[in-house]
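I have placed the structure first, in the form of structure tokens, so that the comments after it can refer back to it.
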Amino acid sequence: MAATSVPMLWGGNLPETLEFYKTLGYVVTYEQHRPYSYGAVRRNGFELHFGPTPKELDAQRAHIGCLVVVDEVEPWHVEFTAALRAKYGRIPARGVPRITRFRPGQTRFTVVDPVGNTVIYIQRDEPDPEYGGAAVLEGLARVLDHARILRDSKNDDAAAARIIETGLRRYGTAATPVERARALAMLAEIAAAADDSSRVTQLLAQVDTLALSEADRAVVVDELKVVAALRDWLTTEA
């Protein structure tokens with residue numbers, strides 16, 4: 001007997017929530033406001049439903065969410081970032097709503113809607129992660145791979161930040177400038193997602209002290225783009 005599972009998330013301000021998903025290419029299939037709020041959206045054959053948010057619950061701290069498995073994840077991220085940039089004038093990478101950055105070779109990304117619901121889009125053939133970091137790596141490089149898994153697979157920025165900070169204390173003096181740049185950029189990105197501008201400022205100042213050669217800068221070009229974007233954000237926030 002066939003069965004279908006439909007995730008139900010918090011609705012929050014339902015019109016605002018449904019409008020957000022329309023921006024991402026979903027179609028609203030149901031909207032009700034009395035005697036209680038309830039909505040539904042559909043895209044590519046799957047649905048998301050939204051029920052009333054309990055008054056005593058901070059939905060942004062509830063970490064309610066679901067997984068959406070797709071054949072190729074990168075085109076979804078490209079489409080979503082373009083749509084969100086058109087709507088907000090920028091790609092929302094901090095606070096709510098937001099979308100996580102997509103790195104080459106990545107097999108998942110996360111969208112957090114205006115309520116705080118988390119929807120993780122995962123590539124169907126995603127390999128099992130090597131928790132603790134890839135065995136072929138060592139030192140800070142392995143720590144960063146472990147942190148990447150915590151961020152991408154577990155959506156746990158707090159744990160990833162703790163892992164990186166511990167790794168910097170343990171391996172920082174022996175790490176290469178490239179490894180340190182990657183570590184500091186990741187920590188700054190996590191701090192920005194938490195709207196901690198003072199911490200971002202501290203971390204970017206540490207990036208400025210790194211002795212990066214031109215060859216190093218070519219290796220960490222993506223991380224330096226993140227740093228530049230965060231500088232722009234700090235200027236906007238000031």
Side-chain angles (χ1 to χ4, degrees), residues 74 77-78 81 84-85 88-112 129-134 136-238:
E74 185 172 2
H77 192 273
V78 170
T81 52
L84 292 170
R85 184 188 289 111
Y88 297 107
R90 59 182 176 83
I91 299 174
R94 296 162 290 277
V96 293
R98 68 179 181 274
I99 184 170
T100 57
R101 187 164 64 96
F102 192 86
R103 306 162 188 81
Q106 195 169 312
T107 55
R108 61 172 63 193
F109 69 90
T110 299
V111 172
V112 180
E130 290 187 64
Y131 291 107
V136 297
L137 301 175
E138 59 183 23
L140 188 57
R142 186 168 183 177
V143 168
L144 294 177
D145 194 52
H146 185 192
R148 174 191 61 80
I149 292 168
L150 289 171
R151 295 191 71 197
D152 296 344
S153 298
K154 295 297 184 181
N155 200 36
D156 194 342
D157 278 1
R162 289 194 297 270
I163 289 291
I164 297 170
E165 289 163 354
T166 299
L168 282 169
R169 288 193 295 270
R170 183 174 181 182
Y171 302 111
T173 55
T176 66
V178 164
E179 291 169 346
R180 289 183 59 82
R182 285 176 169 158
L184 294 170
M186 192 180 297
L187 283 174
E189 192 175 23
I190 292 170
D195 280 327
D196 189 346
S197 58
S198 62
R199 178 63 172 152
V200 173
T201 300
Q202 295 170 1
L203 291 162
L204 297 190
Q206 292 181 51
V207 172
D208 290 339
T209 67
L210 297 176
L212 291 170
S213 67
E214 288 303 312
D216 290 337
R217 290 180 177 276
V219 173
V220 295
V221 62
D222 288 337
E223 286 78 7
L224 294 179
K225 287 179 181 178
V226 170
V227 168
L230 292 176
R231 291 191 197 283
D232 290 342
W233 172 65
L234 289 172
T235 301
T236 303
E237 291 292 298

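Each residue takes its place number in the sequence, starting with 1. This structure is a prediction, so every number in the text was calculated from the model and none was measured.
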**Prompt:** Taking everything shown except Glu74 itself, do over 12 heavy atoms lie less than 6.0 Å from its CD?
**Reply:** no
**Item:** Contact check, side chains of Leu187 and Gln206, non-hydrogen atoms, under 4.5 Å
**Value:** no
**Message:** As an exercise, state the distance from CZ of Arg199 to CD of Gln202, rounded to the nearest 0.5 Å.
**Reply:** 5.5 Å
**Fill in**
Note: Ala160 and Ile190 closest approach over all heavy atoms is CB-CD1, 4.1 Å
**Message:** I need the single residue from Thr176, Val219, Ile164 that forms a side chain to side chain contact (heavy atoms under 4.5 Å, CB included) with Arg182. Which is it?
**Reply:** Val219
**Item:** Distance in Å, Arg148 CZ paired with Ile163 CD1, rounded so as to fall on 0.5 Å steps
**Value:** 13.5 Å
**Asked** Hey, what do you get for CZ (Arg151) to CE (Met186), rounding to the nearest 0.5 Å?
**Response** 6.0 Å
**Item:** Interatomic distance, Arg90 atom CZ to Leu84 atom CG [nearest 0.5 angstrom]
**Value:** 10.0 Å
**Request:** Please lay out, stage by stage, how Asp208 and Arg231 fare under the test salt bridge (Lys or Arg N to Asp or Glu O under 4.0 Å).
**Result:** CA-CA 12 Å; Asp208 290 339; Arg231 291 191 197 283; 2.5 Å; yes
**Least distance between heavy atoms, Pro92 atom then Pro97 atom** = CB-O, 3.3 Å
**Prompt:** For the residue pair Asp157 and Ala193, what are the closest heavy atoms and their distance?
**Reply:** OD2-CB, 4.1 Å
**Message:** I need the minimum non-hydrogen distance between Val227 and Ala185, along with the two atoms involved.
**Reply:** CG2-CB, 4.3 Å
**Request:** Work out which heavy atom in Ala141 is nearest to a heavy atom in Glu179; give both atom names and the distance.
**Result:** CB-OE2, 3.6 Å
**Asked** Is there a donor-acceptor contact under 3.5 Å from the side chain of Thr100 to the main chain of Thr110?
**Response** yes
**Request:** Please state whether the rings of His77 and Phe102 are parallel, tilted or perpendicular, taking 30° and 60° as the class boundaries.
**Result:** tilted
**Prompt:** How far apart are the closest heavy atoms of Ala188 and Leu204, and which atoms are they?
**Reply:** CB-CD2, 4.1 Å
**Message:** Counting neighbours of CD on Glu138 that are heavy atoms of other residues, nucleotides or ligands and sit closer than 6.0 Å, is the number greater than 12?
**Reply:** no
**Asked** Is any side-chain heavy atom of Leu140 closer than 4.5 Å to a side-chain heavy atom of Val143?
**Response** yes
**Request:** Return yes if some donor-acceptor pair links the side-chain N/O of Asp216 with the main-chain N/O of Ser213 below 3.5 Å, else return no.
**Result:** yes
**Asked** Does the pair Arg142 and Asp145 meet the rule for a salt bridge (Lys or Arg N to Asp or Glu O under 4.0 Å), with working shown?
**Response** CA-CA 5 Å; Arg142 186 168 183 177; Asp145 194 52; over 6 Å; no
**Asked** Rounded to the nearest 0.5 Å, how far does OG1 of Thr173 lie from CG of Leu168?
**Response** 10.5 Å
**Message:** Run Ile99 and Val111 through side chain to side chain contact (heavy atoms under 4.5 Å, CB included) and show every step you take.
**Reply:** CA-CA 4 Å; Ile99 184 170; Val111 172; 4.0 Å; yes
**Item:** Full working for side chain to side chain contact (heavy atoms under 4.5 Å, CB included) between Leu230 and Leu203
**Value:** CA-CA 10 Å; Leu230 292 176; Leu203 291 162; over 6 Å; no
